[in-house]
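Notes follow the structure.
Basis for what follows: all heavy atoms, side chains included, without hydrogens, waters or symmetry-related copies. Everything quoted here is computed from the prediction, not taken from an experiment. Count residues from 1 along the sequence.
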Amino acid sequence: MSDLDFFAATGSLTLADVAAAAGIALPEGADPEYRLTGAAPLESAGPHHLAYMDNARYGEALTATRAGACLVSPRFAARCPAGTVALVTRDPYRAYAALLGRLHPDAMRPGSQFGGRSIAPGAHVHPDARLEEGVTVDPGAVIGPGVEIGSGSVIGPNAVIGPGVRIGRDCAIGAGTTLSHALVGNRVILHPGARLGQDGFGFAMGATHLKVPQIGRVIVQDDVEIGANTTIDRGASRDTVIGEGTKIDNLVQIAHNVVIGRHCVIVSGVGISGSTTLEDYVVLGGQVGVVGHLRIGRGAQIAGSSNVNRDVPPGSRWGGTPAKPVRAWFRELTTLARLAERSGKDPEKDPAPDAA
């Protein structure tokens with residue numbers, strides 16, 4: 001079986017190109033025309049590869065690398081071997097990400113799974129749908145009446161786009177995705193199996209539970225990325241909103257009427273209950289649970305596996321169950337660990353100090 005490379009580099013970069021893109025100066029003696037044809041980890045990089053290093057754990061790998069050039073923070077620059085050009089930057093990982101996108105543009109967003117560039121045979125597009133020139137629709141996709149899709153967008157196989165949904169330009173809608181009652185901005189990525197716009201979970205409780213009609217929408221602003229099998233319910237009486245530039249991982253549940261601000265990061269397994277608001281730049285670690293009708297302030301960070309049951313102030317760092325400021329949480333964990341250690345001792349063999 002041949003060794004298939006799914007993301008072969010589509011071009012190359014000179015050291016001058018790399019330096020210009022990263023906003024840094026080349027070290028004295030470096031050849032600005034030296035060409036890099038790809039990127040690789042420190043351990044496997046060769047003379048024409050770009051690598052990066054920003055973690056002390058990889059110090060030995062850096063000293064042994066054969067990479068042609070390495071993006072490296074100032075504290076590690078002296079550890080680059082003689083054959084590797086040290087490209088010193090304060091944020092090697094961010095610079096590497098930008099350059100990797102130039103070397104491998106096909107990895108920046110999902111493309112057609114059928115290799116097509118138009119409406120494929122086997123796709124079902126309603127005659128009342130309006131698709132701009134340059135939209136790709138893979139086999140098995142269903143696009144309902146009144147749908148509008150902007151140029152450069154790709155609709156994956158077996159995706160279902162419900163009536164009246166609007167999708168902006170240069171979006172990628174993954175295989176098996178479903179959208180209803182949704183307005184989606186430009187450059188949005190929905191990975192396979194994402195579900196947007198289904199009913200929120202709303203019932204008037206009683207001897208029999210009366211379903212509450214969910215008449216809102218899902219609004220997804222520009223440059224949002226939503227992971228595989230994530231679900232975002234439409235609003236009950238007002239819209240569910242995902243703010244510009246927010247990144248949402250796989251297997252996240254976002255309930256009705258939730259408002260998420262700009263440039264938030266939500267890691268896998270998170271559940272956000274109805275009518276909660278996340279202000280801009282909030283970070284929720286994996287498996288965080290947030291109860292309903294709360295506000296998490298701008299720039300707040302919640303540690304993984306925490307449960308948030310009250311409002312969180314802007315700029316704070318919380319963790320635990322129930323979540324609290326991290327210093328209080330750490331003190332609590334330390335106290336519990338000490339109590340557990342004491343209770344586990346055999347008083348016959350290891351008496352307490354005051355029993356001596």
Discussion item. Suppose clustering is done on Ile, Leu, Val, Met, Phe, Trp and Tyr with side-chain heavy atoms closer than 4.5 Å. Which residues sit in the same group as Phe203?
Written reply: Phe201, Met205
Discussion item. My understanding is that a hydrophobic cluster links ILVMFWY residues whose side chain heavy atoms are under 4.5 Å apart, including indirect links. Using that, what else belongs to the cluster containing Val283?
Written reply: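 Besides Val283, the cluster holds Val265, Val267.
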Measure across [X] and [Y] and return the closest heavy-atom pair with its distance rounded to 0.1 Å.
X: Thr10; Y: Pro105; value: OG1-CD, 3.2 Å
X: Ala51; Y: Ala67; value: CB-CB, 4.0 Å
X: Ala340; Y: Ser343; value: O-OG, 3.0 Å

Discussion item. Per the side-chain hydrogen bond (donor to acceptor under 3.5 Å, both in side chains) rule, what does the pair list look like for residues 75-87, sequence neighbours excluded?
Written reply: none
Worksheet item: Tell me the side-chain hydrogen bond (donor to acceptor under 3.5 Å, both in side chains) pairs involving residues 263-273, sequence neighbours left out?
Response: none
Worksheet item: Distance-only, no hydrogens or angles: does the Lys324 side chain make a donor-acceptor pair with backbone N or O of Glu332 under 3.5 Å?
Response: no
Worksheet item: For the side chain of Thr246 and the backbone of Ile242, is there at least one donor-acceptor N/O pair under 3.5 Å apart?
Response: no
Joint hydrophobic cluster, [X] plus [Y], side-chain heavy atoms closer than 4.5 Å:
X: Leu71; Y: Val85; answer: yes
X: Leu190; Y: Val142; answer: no
X: Tyr93; Y: Leu100; answer: yes

Which pairs would a plain distance check flag for residues 159-171, meaning a side-chain donor or acceptor within less than 3.5 Å of a matching protein atom at least two apart in sequence or in another chain?
residue: Arg169; atom: NE; partner: Glu132; partner atom: OE1; Å: 2.9
residue: Arg169; atom: NH2; partner: Glu132; partner atom: OE1; Å: 3.4
residue: Arg169; atom: NH2; partner: Glu132; partner atom: OE2; Å: 2.8

Worksheet item: Of all residues at least two apart in sequence or in a different chain, which pass the side-chain hydrogen bond (donor to acceptor under 3.5 Å, both in side chains) check with Glu225?
Response: His191
Worksheet item: Residues in side-chain hydrogen bond (donor to acceptor under 3.5 Å, both in side chains) with Asp54, at least two apart?
Response: none
Worksheet item: Would Arg217 and Asp239 pass as an ion pair if we require N to O under 4.0 Å?
Response: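 Judged by the 4.0 Å cut-off on N to carboxylate O distance, Arg217 and Asp239 do form a salt bridge.
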Practice prompt. Hey, could you give me each pair passing salt bridge (charged side-chain N to carboxylate O under 4.0 Å, His left out) that has a residue in residues 260-275? Not counting sequence neighbours.
Written response: Arg262-Asp280
Worksheet item: Among pairs that include at least one residue of residues 132-171, which meet ring pair (Phe, Tyr, Trp, His ring centres under 6.0 Å), considering only residues two or more places apart or in two chains?
Response: none
Worksheet item: So which pairs with a foot in residues 95-120 pass ring pair (Phe, Tyr, Trp, His ring centres under 6.0 Å), sequence neighbours left out?
Response: Tyr52-Tyr96
Worksheet item: Could you go step by step and tell me if Leu183 and Val220 meet the side-chain contact (heavy atoms from CB on, under 4.5 Å) rule?
Response: CA-CA 6 Å; Leu183 306 179; Val220 180; over 6 Å; no
If you look only at distance, which donor and acceptor atoms sit under 3.5 Å apart when one is on a side chain in residues 251-258 and the other is two or more places apart or in another chain?
residue: Gln253; atom: OE1; partner: Thr231; partner atom: OG1; Å: 2.4
residue: Gln253; atom: NE2; partner: Asp233; partner atom: OD2; Å: 3.2
residue: His256; atom: ND1; partner: Gln214; partner atom: OE1; Å: 2.6
residue: Asn257; atom: OD1; partner: Ala236; partner atom: N; Å: 2.8
residue: Asn257; atom: ND2; partner: Ser275; partner atom: OG; Å: 3.4

Item to complete: Would you mind reporting whether Arg310 and Trp318 have side-chain heavy atoms less than 4.5 Å apart?
Response: yes
Fill in: Stepwise side-chain contact (heavy atoms from CB on, under 4.5 Å) test for Cys70 and Leu42
CA-CA 8 Å; Cys70 183; Leu42 291 166; 3.9 Å; yes
Practice prompt. Kindly indicate, with the supporting measurements, whether the criterion side-chain contact (heavy atoms from CB on, under 4.5 Å) is fulfilled by Ile272 and Val270.
Written response: CA-CA 7 Å; Ile272 304 176; Val270 165; 3.7 Å; yes
Tell me which donor-acceptor pairs under 3.5 Å the side chains of residues 12-28 have, and how far apart each pair is, sequence neighbours excluded?
residue: Ser12; atom: OG; partner: Arg35; partner atom: NH1; Å: 2.9
residue: Thr14; atom: OG1; partner: Ala16; partner atom: N; Å: 3.4
residue: Thr14; atom: OG1; partner: Asp17; partner atom: N; Å: 3.0
residue: Thr14; atom: OG1; partner: Asp17; partner atom: OD1; Å: 3.4
residue: Thr14; atom: OG1; partner: Asp17; partner atom: OD2; Å: 3.1
residue: Asp17; atom: OD2; partner: Thr14; partner atom: N; Å: 3.0

Worksheet entry | Option from Val125, Thr177, Ile149 for which side-chain contact (heavy atoms from CB on, under 4.5 Å) with Ile155 holds | Ile149
